Amino acid sequence: MKPIIEVQNLNKVYKKSENEIKVLNNINITVGEGEFLALMGPSGSGKTTLLNLIAGIDKPTSGNIEVKGVDITTFGESALAKWRSSNIGFVFQFYNLIPVLTAFENVELPLLLTKLNRAQRVKHVESALKVVGLGDRMSHYPKQLSGGQEQRVAIARAVVTDPLIIVADEPTGDLDRNSATEILTLLERLNKEFKKTIIMVTHDPHAAERASRVLHLEKGDLVDNL
Amino acid sequence: MAIPLKYTFKNFQNRKTTSIITLVGIALVVFVFATVLMMAYGIQKTLVSTGSPDNVIILRKAANGEISSIIDGETQAVIRTLPHIAKTSEGTPALSGEAVSVINLEKQGGLSNVTVRAVSPEARFLRPQIKLVEGKWFNPGLKELVIGESVQKNFTNMEIGSKIRISGENWTITGIFDTDGSGFDSEIWADAKEMLNALNRGNSVSTLTLKLDDIENFEKFKMAFAADRRLTQFEVKGEQQFFEEQSESLAMFIKVLGIFITVIFSFGATIGAMITMYTSVANRTVEIGTMRSLGFSRRSILTAFLFESLLIALTGGLIGIFFASFMQFFQISTINFNSFAELSFKFALNPDIIISSLIFAVVMGFLGGFLPSVRAARMKIVNALRSS
Ligand SMILES: Nc1ncnc2c1ncn2[C@@H]1O[C@H](COP(=O)(O)OP(=O)(O)OP(=O)(O)O)[C@@H](O)[C@H]1O
Ligand SMILES: [Mg+2]
């Protein structure tokens, strides 16, 4: 499998006044194109931090993250924002939909950063919402949807720009078993059918089962490599 | 592309109560601001409409108003001989020597000053805007008066047949006139000869007002006036310009005082807007983090929040102006510093006032929204996302 993400000697330290908290210690990971990777580990072990670094919304203290051969740790803020908008799809535990926008408008949001015209955007949004099975809920507001439906809208928003990589931080953490299963099936389908590389943080062993590989973090160390 | 405007509009709608409180604050300040400007403009408009474009007024140079000016009989005779003075329908020079004084009259809540203008028979020809609405014009040679509509409205016992005491003698009201809201409406008019006798002023009037045969000849008239060495202590002004100058100090005083007060009020409204926007930013921290994750820039976050604040302010401003515009139906009166007498006027609105009020509102919105918007834009994405 061709590597798509290469994390090398990654460190993240938070300074709280005098104290230094080492959140990630010399992490090395290679993720292959089309892989479905699950990140597990106890609370506070650094899963979210690692995911955020790979997704380019945080900066490491040291180390490199190469995505498709480009080291994103060298990017400036606006370059990184532009890179995210075309390469990363985000799925959050609490969906993070914009409450004042409809399902359609939420999914359209990332497309406003592209050069697509209105008609093209409509086409993309409609097909993304159809993929997640919500073609009939486009004009619904988030509060008119169930949690599972909200998360599906969020997934549609993550895939609408057709990014290579989807990062999902506990995507089923706030859902009941049935909805969680639906979401996991959807992610699996995105991975298999649409060839998305997925990195998913989860506490749920059922969720991890769907992944092609599981990595464990403990106090900032990747324990599988030991 | 920026964050869609709908995001701003919907958030504005959704946060009704907080937005409305801020909005009302801004609307109130803008209302006061606009009202003050409307008052100053109303005074200006009233006094400017008092003058006619083809009339000129002659005063003593040292005088800063009509009552402090004196023109003796000899000088009056010299002025009569100047060229370019129009003729009345009777063939006399269209020129009115006017003795202006101030008397005390009773109104609700005490005494106040009223201008008494003693005029030549030609005065009505010079001011065709004067319409008698009740009674008849005074008889020259009798102690009779006509009063402006505002005088009748504002002072007590001002009916036809009522008597007014001037320098120890009773004068009878014979008529009431209207000039469509000019400063004359706040005056009492009498016959010049009769009044000068009563006041023991000989034949010295305060000012001379005359109509030119053609407005085009104003410069020529001024040149002839300046060329006459007997007139060096006197000056010529367009009547409109003169009355406009008479409004300046009062209008300026009202503007300065009013703007000073509204600026103080505006601090309150601005802080209100700031609190609203800080709350708004705090409530939407996760949304901000989410949008930044998707790739929206700090600048577009700043713009979205600033725009929201401006939207609240602009709406407040429009509401304030809307209510202020009803003030146009109100007429009030105040003492004009220049004439020392009451001047009755209506609040008046013009496009400049609307524009400055809206700019004022927008400035409040900008100042109130700026710091909160900067806070929104400066958040680190990971911290914003964590705040859920
Ligand atoms: N901005 C920050 N400042 C200081 N410390 C932080 C910050 N963000 C995270 N940390 C610390 O880093 C450590 C790892 O946090 P992280 O959120 O990555 O853990 P996690 O594995 O995702 O935990 P959970 O399963 O509870 O989500 C924690 O000890 C946390 O307190
Ligand atoms: Mg986490």
Side-chain angles (χ1 to χ4, degrees), chain A residues 12 14 23 48-53 55-59 77-102 104-118 121 141-143 154 157-158 160-161 163 167 169-170 173-174, chain B residues 1-20 276-277 279-305 307-309 311-312 315 374-388:
Chain A
K12 180 72 183 177
Y14 279 114
V23 178
T48 297
T49 306
L50 178 57
L51 196 71
N52 288 346
L53 287 168
I57 55 174
D58 201 359
K59 285 275 193 179
E77 190 176 282
S78 56
L80 204 52
K82 201 162 184 292
W83 175 83
R84 282 197 303 273
S85 68
S86 51
N87 290 284
I88 304 287
F90 286 88
V91 180
F92 304 94
Q93 178 175 359
F94 300 105
Y95 336 125
N96 293 15
L97 297 178
I98 308 298
V100 298
L101 300 180
T102 62
F104 179 93
E105 289 159 344
N106 266 286
V107 177
E108 190 190 18
L109 212 47
L111 293 182
L112 296 177
L113 294 162
T114 66
K115 289 198 181 73
L116 298 183
N117 65 30
R118 168 91 191 145
R121 293 202 302 269
Y141 284 92
K143 63 167 181 283
R157 179 177 66 186
V160 74
T161 53
V167 297
D169 197 348
E170 302 186 35
D174 202 45
Chain B
M1 207 194 283
I3 292 167
L5 289 183
K6 189 190 167 193
Y7 177 73
T8 301
F9 282 111
K10 291 287 282 197
N11 275 306
F12 171 61
Q13 279 177 11
N14 279 24
R15 298 180 306 115
K16 275 195 193 81
T17 25
T18 40
S19 298
I20 283 174
T276 305
M277 290 314 295
T279 315
S280 170
V281 170
N283 289 341
R284 280 185 271 153
T285 305
V286 177
E287 282 175 45
I288 294 166
T290 306
M291 289 197 279
R292 292 283 311 284
S293 306
L294 298 180
F296 286 97
S297 62
R298 288 185 194 274
R299 185 189 303 219
S300 52
I301 300 286
L302 182 91
T303 314
F305 278 90
F307 189 77
E308 189 172 322
S309 174
L311 184 71
I312 295 173
T315 312
V374 166
R375 173 183 286 185
R378 287 182 60 160
M379 279 181 206
K380 286 185 68 184
I381 303 174
V382 284
N383 293 343
L385 287 174
R386 242 172 231 282
S387 78
S388 55

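Quick note on labels: first sequence line is chain A, next is B, and so on, each numbered from 1. The structure presented is a predicted model; accordingly, all values stated were derived computationally and were not measured.
In this structure, A:Leu101 CG and B:Tyr7 OH are separated by 8.0 Å, a value rounded to the nearest 0.5 Å. Rounding to the nearest 0.5 Å places CG of A:Leu80 at 7.5 Å from CD1 of B:Ile381. Rounded to the nearest 0.5 Å, atoms CG (A:Leu112) and OG (B:Ser300) are 10.5 Å apart. With values rounded to the nearest 0.5 angstrom, A:Asn52 atom CG is found 7.0 Å from B:Arg386 atom CZ.
In this structure, the portion of A:Thr48 lying under 4.5 Å from any heavy atom of chain B is its side chain and not its backbone. Interface remark: A:Glu77 contributes side-chain atoms only to the contact with chain B (heavy atom separation under 4.5 Å). Heavy-atom distances place no part of A:Glu108 under 4.5 Å from chain B, backbone and side chain included. The contact between B:Arg298 and chain A is made entirely by side chain atoms (from C-beta outward), counting heavy-atom distances below 4.5 Å. Proximity to chain B (any heavy atom under 4.5 Å) is restricted, for A:Tyr141, to the side chain, taken from C-beta onward.
Note on A:Gly56, A:Pro99, A:Ser86, A:Ser78: by heavy-atom pairs under 4.5 Å with chain B, the leading option is A:Pro99. Note on A:Thr161, A:Asp169, A:Leu109: by heavy-atom pairs under 4.5 Å with chain B, the leading option is A:Leu109.
Using a 4.5 Å cut-off on side-chain heavy atoms (C-beta onward), B:Leu385 and A:Asn96 make contact. Counting only heavy atoms from C-beta outward, the side chains of B:Arg292 and A:Ile57 never approach each other to under 4.5 Å. For the pair A:Val100 and B:Arg284, the minimum side-chain heavy-atom distance is 4.5 Å or more.
Looking at every heavy atom in both residues, A:Ser85 comes nearest to B:Leu294 through CB-O, 3.4 Å.
Checked by atom type and distance alone, the side chain of A:Arg84 pairs as donor or acceptor with a backbone atom of B:Ser293 at under 3.5 Å.
Residue-environment remark: NZ (A:Lys82) stays at or below the threshold of 12 foreign heavy atoms within 6.0 Å.
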Would you sort out whether A:Thr102 and B:Lys10 count as a side chain to side chain contact (heavy atoms under 4.5 Å, CB included), showing the intermediate values? CA-CA 11 Å; A:Thr102 62; B:Lys10 291 287 282 197; over 6 Å; no
